[in-house]
Amino acid sequence: MTAYGKVTERIMAVMARRCRAVAVAAVVAMAAAVSCSISYKMNGAALDYSIYKTISFSDFPIRAALVYPPLQQTFENKLMDMVTRQTRLRVIDSSNSDLRIEGEITGYNLSPQAVNENAYASQTRLTITVRVKFINSKDSSQDVDQTFSAYRDFSSDQMLTDVQDELCSQISDELTNLIFNATLGNW
């Protein structure tokens, strides 16, 4: 056999080994893809509905130093709406429910943020803080007792009374998302 033939034979042997390695890797990858599956829950909740069927809510009284009375109803409605939209749990008025959410609005604060050249605030921040207690009557290791906070900034040229309803609605949306993810979302 000539030198050219030996080189060609070696190249063919190397290519054959590489093809076998690629084939083995492809089979392993396909097997892994077939054996693994990703499960998405379209409702956003990570609940076993054969165990959890009911949920109850208590009022969220305002315990903050500064009080905006419509906030309580706005927040409670948004929280209940999110749970009913994102889960198949039935809302009941009983402390004997499988799950229970209770708490209080502990903070409603205004603070200056950006200061302009005249030493006046050009932005004001509205912060709402809520303490939530989530009780899982089937598995107490899933209980949550946590404080959540969210805020929105608005121009100091605006009166709080002019933007308060919209800001409270936006902040309540964010708070309910945070609460849902920490309790029922189980992320």
Side-chain angles (χ1 to χ4, degrees), residues 41-114 121-156 158-187:
K41 296 186 186 300
M42 299 310 280
N43 64 4
L47 293 171
D48 182 349
Y49 291 107
S50 65
I51 298 172
Y52 301 105
K53 299 184 183 333
T54 60
I55 189 167
S56 62
F57 297 86
S58 70
D59 291 338
F60 276 74
I62 300 175
R63 305 267 192 249
L66 183 61
V67 175
Y68 179 58
L71 174 61
Q72 179 179 352
Q73 193 67 42
T74 298
F75 175 77
E76 289 172 357
N77 288 342
K78 285 186 178 284
L79 183 58
M80 191 177 299
D81 286 348
M82 173 166 270
V83 170
T84 56
R85 276 191 329 253
Q86 299 289 326
T87 71
R88 295 182 299 190
L89 295 170
R90 192 181 59 191
V91 177
I92 61 172
D93 292 328
S94 170
S95 60
N96 295 331
S97 60
D98 299 327
L99 303 167
R100 181 163 180 74
I101 297 178
E102 56 188 48
E104 58 191 358
I105 299 169
T106 58
Y108 187 86
N109 304 313
L110 294 169
S111 58
Q113 291 305 302
S122 60
Q123 291 282 312
T124 301
R125 176 169 291 173
L126 173 61
T127 304
I128 298 174
T129 306
V130 179
R131 180 175 176 253
V132 174
K133 189 171 184 182
F134 174 77
I135 302 152
N136 183 330
S137 64
K138 306 286 185 183
D139 181 3
S140 62
S141 71
Q142 298 291 318
D143 289 358
V144 174
D145 190 347
Q146 187 173 345
T147 300
F148 299 89
S149 186
Y151 64 87
R152 289 291 182 276
D153 293 339
F154 64 99
S155 172
S156 295
Q158 297 174 301
M159 295 293 296
L160 176 62
T161 54
D162 295 337
V163 295
Q164 194 164 219
D165 287 335
E166 179 61 27
L167 294 175
C168 286
S169 178
Q170 291 173 7
I171 294 169
S172 292
D173 284 338
E174 184 176 341
L175 287 168
T176 56
N177 275 320
L178 292 169
I179 293 164
F180 184 85
N181 289 337
T183 57
L184 297 167
N186 200 19
W187 300 112

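Counting from 1, the numbers follow the sequence of the chain as shown. FYI, side chains are in, hydrogens and waters are out, and symmetry mates aren't considered; it's all heavy atoms of this structure.
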- Message: Please determine whether side-chain contact (heavy atoms from CB on, under 4.5 Å) holds for the pair Leu184 and Phe180, giving the CA-CA distance in whole Å, both sets of side-chain angles, and the decisive distance to 0.1 Å.
- Response: CA-CA 5 Å; Leu184 297 167; Phe180 184 85; 3.8 Å; yes
- Task: Give, for atom CD of Gln146 and atom CG of Leu178, the distance between the pair rounded to the nearest 0.5 Å.
- Result: 8.5 Å
- For Asn136 and Tyr52 the tightest heavy-atom approach is ND2-OH, 2.9 Å
- Sort and list the pairs that fulfil salt bridge (Lys or Arg N to Asp or Glu O under 4.0 Å) and have at least one residue in residues 59-70, not counting sequence neighbours. Arg63-Glu104
- If you round to the nearest 0.5 Å, how far is CD1 of Ile55 from OG of Ser97? 7.0 Å
- Message: Going by the rule side-chain contact (heavy atoms from CB on, under 4.5 Å), which residues pair with Asn177 if we only count those two or more places apart in sequence or in a different chain?
- Response: Met82
- Message: Tell me whether Asp162 at atom CG has more than 12 heavy atoms from other residues, nucleotides or ligands lying less than 6.0 Å away.
- Response: yes
- Task: Measure up the Phe60 and Phe75 rings against each other and bin them: parallel (under 30°), tilted (30 to 60°), perpendicular (over 60°).
- Result: perpendicular
- Item | Leu160 side, atom CG; Cys168 side, atom SG - distance, nearest 0.5 Å | 7.5 Å
- Does the side chain of Leu167 come within less than 4.5 Å of Gln170's, by heavy atoms? yes
- Heavy atoms of Ser156 and Thr124 approach each other most closely as OG-OG1, 2.9 Å
- Between Pro112 and Gln123, is any pair of side-chain heavy atoms under 4.5 Å apart? no
- Item | Glu166 CD to Ile171 CD1 distance, which is reported to the nearest 0.5 Å | 10.0 Å
- Query: Considering all heavy atoms of both residues, which atom of Ser94 and which atom of Arg100 are nearest to each other, and what is their separation?
  - Reply: O-NH1, 4.0 Å
- Item | Test side-chain contact (heavy atoms from CB on, under 4.5 Å) applied to Arg125 and Asp153, step by step | CA-CA 4 Å; Arg125 176 169 291 173; Asp153 293 339; 2.8 Å; yes
- Considering all heavy atoms, the nearest Ser58-Gly103 contact: OG-N, 3.9 Å
- Residue Tyr151 excluded, over 12 heavy atoms near OH under 6.0 Å: no
- Under the side-chain contact (heavy atoms from CB on, under 4.5 Å) rule, what do Asn77 and Met80 come out as? Steps first, then yes or no, please. CA-CA 5 Å; Asn77 288 342; Met80 191 177 299; 5.9 Å; no
- Message: Once rounded to the nearest 0.5 Å, what's the spacing between atom CG of Leu99 and atom OG1 of Thr87?
- Response: 9.0 Å
- Query: How many angstroms lie between CG in Leu110 and CG in Leu66, if you round to the nearest 0.5 Å?
  - Reply: 6.0 Å
- With a 4.0 Å cut-off, would you call Arg152 and Glu174 a salt bridge? yes
- Query: Taking the side chain from Thr74 and the backbone from Ser169, do they hold a donor-acceptor pair closer than 3.5 Å?
  - Reply: no
- Task: Looking only at non-hydrogen atoms, find the nearest pair between Ser149 and Thr129 and report the distance.
- Result: OG-OG1, 3.4 Å
- Message: Would Val132 and Ile101 count as a side-chain contact (heavy atoms from CB on, under 4.5 Å) here? Give the steps.
- Response: CA-CA 7 Å; Val132 174; Ile101 297 178; 4.0 Å; yes
- Do Gln142 and Thr183 come within less than 4.5 Å of each other through their side chains, counting heavy atoms only? no
- Item | Short side-chain to backbone donor-acceptor contact, Tyr68 and Tyr108, under 3.5 Å | no
- Of the options Asp143, Asp98, Asp48, which is the one that meets Lys138 in a salt bridge (charged side-chain N to carboxylate O under 4.0 Å, His left out)? Asp98
- Query: Between Lys78 and Ser172, what is the shortest heavy-atom contact and its length?
  - Reply: CD-CB, 3.5 Å
